[in-house]
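Being a predicted model, the structure only gives us computed values, none of them experimental. Just so you know, residue 1 is the first one in the sequence shown, and it goes up from there.
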Amino acid sequence: MPRKPRVDMVGYYHIVNRGVEQRVIYLDNEDHETFLEILCTGCQLYKVQLHAYVLMSNHYHLLIETKDENLSRFMKHLNASYAIYFNKKYKRSGHLWQGRFRSWFVTDEAYLYTLVGYIENNPLKAKMVKQLGEYPYSSYRSFSEEVESIACLKNSFIFDAFKTKEERKEFLQCSVDEHLLDEIKKASNLVVTSIKDKKLDFKKLTKMFANIDNIAKRNKMVLKAYELGYSQYEIAKVLDFSQAYINRIIKKQRVVGGD
């Protein structure tokens, strides 16, 4: 059966690619650094923004944002360039990657934020480290300001969404609702829609919280406002909370079903 053509659209994508036969694709620090250099070169060439990443031993995860309909060309540059480098260095031939890369179009803000946490928590889930900051090959240490960000990560939306390193660390260390991630991922295969700025009434959002007199009601309203389309940033601004705190409220309210 012929494979389905890949659809390139402007927007956010979760990208995963694995080594052929699950083989290791990064053998030393130079390999990791070279991959990231190629990644940043590709981002510049194809006007792609990197928002988060993790390089595992035999695969990688990327959260990127395309400005043009050129995802396939960008990924061809990344995978082909690294394969040439790797094969030459280790005197090997043949395919480095296990078929085509996998991609999921990010359909909403809930997916976007859950996805960042999922990507960063990969090393912990694989029991490669005991704490996130111990793993050197992900965007976490840039977000926590332990190292300087690589060039193509410096404009990640995470830096705007969470203004301080403490807020970013708090957000990234929250437990990831993988059930929610799976459900949203399934939906993304059925509904293709980009994240768009919603022209919602900010004054109306403020009024929603005006007469709330207890925490339980407030938390329910936070989830309601979020489901109406207001961003976590807008809700946090109205309530004068950190965006990380709003994110935690939304996660907890989803677990209890808003009750």
With side chain to side chain contact (heavy atoms under 4.5 Å, CB included) as the criterion, how do E134 and Y140 come out once you've worked through the C-alpha distance, each side chain's angles and the decisive distance to 0.1 Å? CA-CA 10 Å; E134 295 175 356; Y140 178 86; over 6 Å; no

F159 and F143: CA distance, side-chain angles, deciding distance, ring-ring contact (aromatic ring centres under 6.0 Å, His included) verdict: CA-CA 7 Å; F159 290 110; F143 294 144; 5.3 Å; yes

Taking it one step at a time, do H14 and L62 satisfy side chain to side chain contact (heavy atoms under 4.5 Å, CB included)? CA-CA 6 Å; H14 175 203; L62 306 176; over 6 Å; no

Between N17 and L78, is a side chain to side chain contact (heavy atoms under 4.5 Å, CB included) present by the stated rule, with each step listed? CA-CA 11 Å; N17 207 8; L78 175 62; over 6 Å; no

Check step by step if side chain to side chain contact (heavy atoms under 4.5 Å, CB included) holds for L39 and L36. CA-CA 5 Å; L39 173 61; L36 292 175; 4.1 Å; yes

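Between R218 and I249, the shortest heavy-atom contact is NH2-CD1, 3.9 Å. Looking at every heavy atom in both residues, L153 comes nearest to S139 through CD2-CB, 3.6 Å. Across all their heavy atoms, G19 and I25 have their closest contact at CA-CG2, 3.6 Å. Considering every non-hydrogen atom in both L96 and A83, the closest pair reads CD2-CA, 3.7 Å. Listed here is the closest heavy atom pair of N58 and R23: CB-O, 3.2 Å. The shortest heavy-atom contact between F105 and G11 is CE1-CA, 3.9 Å.
Annotation: the span from I38 atom CD1 to C43 atom SG amounts to 12.0 Å, rounded to 0.5 Å. Atom CG of residue N121 and atom NE2 of residue H61 lie 11.5 Å apart, to the nearest 0.5 angstrom. Going from atom CD of Q22 over to atom CZ of R18 covers 5.5 Å, rounded to the nearest 0.5 Å. The CG atom of L239 sits 9.0 Å away from atom OG1 of T206, with the distance rounded to the nearest 0.5 Å. Within the model, atoms CE of M9 and OG of S103 stand 9.0 Å from one another, a figure rounded to the nearest 0.5 Å. A distance of 13.5 Å separates NZ of K251 from CD1 of I246, quoted to the nearest 0.5 Å.
The hydrophobic clustering, which links ILVMFWY residues whose side-chain heavy atoms are closer than 4.5 Å, places V147 and I158 apart. Taking hydrophobic clusters as Ile, Leu, Val, Met, Phe, Trp and Tyr residues chained together by side-chain heavy-atom distances below 4.5 Å, I84 does not share a cluster with V20. There is a path of hydrophobic side-chain contacts, each under 4.5 Å, that joins Y90 to V24.
One finds no salt bridge joining D68 and R73 here, because no Lys/Arg side-chain nitrogen approaches an Asp/Glu carboxylate oxygen to under 4.0 Å. A salt bridge links E148 with K154: the closest approach of a Lys/Arg side-chain nitrogen to an acidic carboxylate oxygen falls below 4.0 angstrom.
With ring centers used as reference points, F101 lies 6.0 Å or more from Y60. Taking the centre of each ring, Y26 and F35 come in below the 6.0 Å mark.
Residues L124 and V129 are in side-chain contact: their nearest non-hydrogen atoms beyond the backbone lie under 4.5 Å apart. In this structure the side chain of V222 reaches within 4.5 angstrom of the side chain of F209, judged on heavy atoms. Counting heavy atoms from C-beta outward, P123 and V54 have side chains that approach closer than 4.5 Å. The side-chain heavy atoms of L45 and H77, taken from C-beta on, include a pair separated by under 4.5 Å. Contact of the R102 side chain with the I15 side chain is not registered, since no non-hydrogen atoms from C-beta on lie closer than 4.5 Å. A 4.5 Å side-chain heavy-atom check between I212 and K220 finds every atom pair outside the cut-off. Annotation: side chain of D31 is in contact with side chain of Y85 (closest heavy-atom distance under 4.5 Å). The shortest side-chain heavy-atom distance between I150 and Y53 falls under the 4.5 Å cut-off.
Between C40 and C152, the sulfur-to-sulfur (SG-SG) separation falls under 2.5 Å.
Under the 30°/60° scheme for interplanar angles, the aromatic rings of Y82 and F86 are found to be tilted. Using cut-offs of 30° and 60° for the angle between ring planes, the Y113 and F171 rings count as perpendicular. Using a 30° and 60° split on the angle between ring planes, H51 and F157 fall in the tilted class, from 30° to 60°.
The one candidate from K165, K169, R168 that meets the side chain to side chain donor-acceptor pair (under 3.5 Å) condition with E145 is R168.
By the 6.0 Å contact criterion, CG on D28 is enclosed, its count of non-hydrogen atoms from other residues, nucleotides or ligands being greater than 12. No more than 12 heavy-atom neighbours from other residues, nucleotides or ligands sit within 6.0 angstrom of CD on Q44. Surrounding NZ of K76 are at most 12 heavy atoms belonging to other residues, nucleotides or ligands under 6.0 Å away.
Put simply, the side chain of Y226 never gets that close to the backbone of N247: no donor and acceptor are under 3.5 Å apart. Judged purely by atom type and a 3.5 angstrom limit, N122 uses its side chain to pair as donor or acceptor with the backbone of Y118. Without hydrogens or angle criteria, K163 side chain to D160 main chain gives a donor-acceptor distance under 3.5 Å.
No donor-acceptor contact under 3.5 angstrom links the side chains of Y12 and Q49, judged on distance only.
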